[in-house]
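Beneath this line is the structure, given in structure tokens, with notes to follow.
Here the structure is a predicted model, which means the values were calculated and not measured.
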Amino acid sequence: MTPHLSVNNLKKSFPIPGKDVLPVIDGISFTVDKGDFLSIMGPGGCGKTTLLEIIAGIKSTDSGEVTINGGRGGIALVFQEDDLFPWLTVEENMLLALKSAGKDRSTARELTKTCLANVDLAAFAGYYPSRLSGGMKKRASLARALSLEPELLLMDEPSAHLDEEARRGLHQVLLDIAHRRKQTMILVTHDLQEALSLSRKVMILSERPSRVLEIFDPKDLQAKNGGTRA
Amino acid sequence: MPKYIRRAFSPLFLLALWEVAARLNWIDHRFFPAPSLIFRELWSQLITGNLGSDVAVSLLRLACGLLIGGIPAMIIGILMARSRLAHDLFHPLVVAGYPVPKIAILPLIILMFGLGEWSKIVIIAAGTFFLMALSVLEGVSRIEKRYFSIARLLRLSAAEEWRSIIIPAAMPALLHGLKLSVGSGFMLLVASEFFASHSGIGYRIWASWENFNITALYGGLFTIMLLAIGLQAGIETIEKRALPWRISEEE
């Protein structure tokens, strides 16, 4: 089967003013199949966010290839920081994205309603992001991303600044879309427990300049340890 | 205690103290006439229509100056923030022109535009232009990069990027610049009306000084203060309507 996403020998450096360059990613290769849920872990500054941004097409590569079945049109990204436009309400944020994706007004409204209900935010459609809690903002971002019905959903530490309860709520939504929609997802996280409990594959990166240290299935790890899935 | 009562307290207290001091002859009446006399003077000017026409003439000059200076400033401020070329072309001029006291170029402007309306409008426009251009530049430059990344990811068109990101994000800086410009505009308006005018609040203050009518002079000053309060309140109302998300953040 052709993988949905194929990253081949990807390299990326950043220029440092007055100096040479800072190599961040040093030849990363991996694949993601349709319906897969891959978590990427690694030390701070090893280029995890850069990797996601390259896959999303926001940043360019120095060398290497990113091949996506169906092209980049079907990618949605949930950023680590708040990524809703603060001057638009939650609903307006979603309608803007959907309008830009070519949906007509009534379809966009319908999708907005459904996706907000799916993340338990139906009552907050008219709220400005500043009035939502951290967890609610993250779920709203996720709703916006899901409303675009992406082929590939990228998430950059979505639970980074959330309290335990908000984190659990977000995990529930992610598990739900992974099982129900068979959504192909890549999650960048610092939390091993999160990676093990949510994803089907975990990729560990080395320190900068990063390379792939290991890719494993959490079930294999648990089988080895004789434990059960968290 | 409601906000408007708290805000009115200190000016009303000062006026009451001034009134008592004047009535008890603690202060020199020639320089500090009692506020009740000043308001009586204002009332009589209002009845005769002089005050209304002076205020109307001055506000029209101020509005024209703000518009003529503010619109190009907004465009150039946004261009400087979004284009390196525009920044290199305009920024040195704006930075060099900003600290020059605009009142210092009034004689030159009178020479170029004459004693009529245009010299007063142009001096206000000049003061507004530099303030607004720098405010808008600052505001747009501070838009966080991630919003543009999101725009790219959502494949927003250039027009949508302007409408959905740049303009709303620049609005707080724009309104802040407008507030500052109203203050500076009043100063330039009154100064220009001192020298080259037969109408307006500045002219009325100058004429009162020439006739040593100190009560009317204070009347002019009070009028400016009341107008400034009214205009600032007006801008705050626009702010609330135009930037509901900011109100939401403050709450």
Side-chain angles (χ1 to χ4, degrees), chain A residues 49-50 52-60 71-103 108 124 126-133 137 140-141 144-150 152-157, chain B residues 74 77-78 81-82 84 87-88 135-179 235-251:
Chain A
T49 297
T50 304
L52 280 195
E53 288 177 342
I54 290 172
I55 295 170
I58 296 171
K59 282 199 172 104
S60 60
R72 284 207 166 87
I75 292 185
L77 171 62
V78 175
F79 286 76
Q80 183 177 356
E81 305 94 355
D82 293 341
D83 61 3
L84 298 167
F85 296 122
W87 42 85
L88 300 178
T89 62
V90 170
E91 185 182 31
E92 287 165 348
N93 263 285
M94 294 183 67
L95 291 175
L96 174 69
L98 287 162
K99 187 183 157 207
S100 179
K103 304 281 183 201
F124 299 90
Y127 278 51
Y128 285 98
S130 56
R131 296 195 67 186
L132 303 181
S133 69
K137 277 187 220 172
S141 296
R144 179 174 69 182
L146 291 172
S147 72
L148 298 168
E149 296 168 330
L152 175 60
L153 176 61
L154 308 174
M155 291 168 289
D156 188 7
E157 299 193 46
Chain B
M74 197 170 79
I78 292 179
R82 297 295 299 149
R84 174 51 56 187
H87 188 274
D88 291 346
S135 287
V136 171
L137 166 66
E138 177 75 7
V140 178
S141 303
R142 281 179 174 228
I143 301 175
E144 292 181 47
K145 282 208 177 88
R146 70 171 185 273
Y147 294 131
F148 294 106
S149 296
I150 296 160
R152 229 174 124 187
L153 195 71
L154 296 177
R155 289 171 175 74
L156 298 188
S157 64
E160 275 173 332
E161 192 173 293
W162 276 82
R163 204 178 47 240
S164 307
I165 303 180
I166 298 170
I167 292 173
M171 278 303 276
L174 193 76
L175 289 171
H176 180 66
L178 184 63
K179 268 187 199 169
I235 295 171
E236 277 176 25
T237 308
I238 295 172
E239 225 169 2
K240 276 181 193 160
R241 284 176 186 259
L243 310 172
W245 56 280
R246 294 272 291 205
I247 308 297
S248 175
E249 270 176 9
E250 282 161 19
E251 280 170 356

Contact check, side chains of A/Glu81 and B/Glu144, non-hydrogen atoms, under 4.5 Å: no
Most contacts with chain B, counted as non-hydrogen pairs under 4.5 angstrom, among A/Glu53, A/Arg144, A/Glu92: A/Arg144
Crowding at NE2, B/His87 (>12 non-hydrogen neighbours, <6.0 Å): yes
Distance (rounded to the nearest 0.5 Å) between B/Leu153 CG and A/Ile58 CD1: 4.5 Å
Side chain to side chain, A/Tyr128 and B/Pro244, heavy atoms closer than 4.5 Å: yes
Residue part contacting chain B, namely of A/Asn93, when any heavy atom lies under 4.5 Å: neither
Nearest-0.5 Å distance that lies between atom CH2 in B/Trp245 and atom CG in A/Leu88: 9.5 Å
Nearest-0.5 Å distance that lies between atom CG in A/Leu96 and atom CG in B/Leu156: 5.0 Å
More than 12 heavy atoms of other groups within 6.0 Å of B/Arg155 CZ: yes
Any side-chain heavy-atom pair of B/Ile150 and A/Leu84 under 4.5 Å: no
B/Arg152 versus chain A, the contacting section by heavy-atom distance below 4.5 Å: side chain
Pairs of heavy atoms under 4.5 Å with chain B: top-ranked of A/Phe85, A/Trp87, A/Phe79: A/Trp87
